[in-house]
Amino acid sequence: MNNINTLREHLFETLKGVKDGTIDLEKAKCMGEISQVIVNTAKIEVDYLRANGGGKADFMNVDPNKQITQTPMGIKTVNGASTVHQIK
């Protein structure tokens, strides 16, 4: 599933690729611009949920069985257990 964690993984891979020379700057710039569009659509989704009294934003969902190496905002990890915060 494509979500915020997937986007982060791709962006960090791109950053590493630019650093080691396997991804050219033009491609990295394009990926950054596309990522910004994805983030902007997620913001619209969150605004919609806020205006309509809550719900769940699929983009912010994470697989509970997947080991999280980067803890995204809205995810609280305590002793290995994760809590997903949702707007209500």
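Treat the numbers as computed from the prediction; the structure is a model and nothing was measured. Keep in mind that the numbers below use all heavy atoms, side chains included, and drop hydrogens, waters and symmetry copies.
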Which pairs would a plain distance check flag for residues 26-39, meaning a side-chain donor or acceptor within less than 3.5 Å of a matching protein atom at least two apart in sequence or in another chain?
unit_1	atom_1	unit_2	atom_2	d
Ser35	OG	Met31	O	2.8
Gln36	NE2	Asn40	OD1	3.0

Problem - Separation of Ile44 CD1 from Thr41 OG1 (nearest 0.5 Å) - result: 6.5 Å

Return all side-chain donor-acceptor pairs below 3.5 angstrom for residues 15-23, not counting sequence neighbours, or 'none' if the list is empty.
unit_1	atom_1	unit_2	atom_2	d
Asp20	OD1	Thr22	N	3.0
Asp20	OD1	Thr22	OG1	2.8

Completion exercise
Residues at least two apart in sequence or cross-chain that pass salt bridge (Lys or Arg N to Asp or Glu O under 4.0 Å) with Asp47, listed by chain then number, are Arg50

Exercise for the section: Would you mind reporting whether Leu11 and Arg8 have side-chain heavy atoms less than 4.5 Å apart? Expected result: no

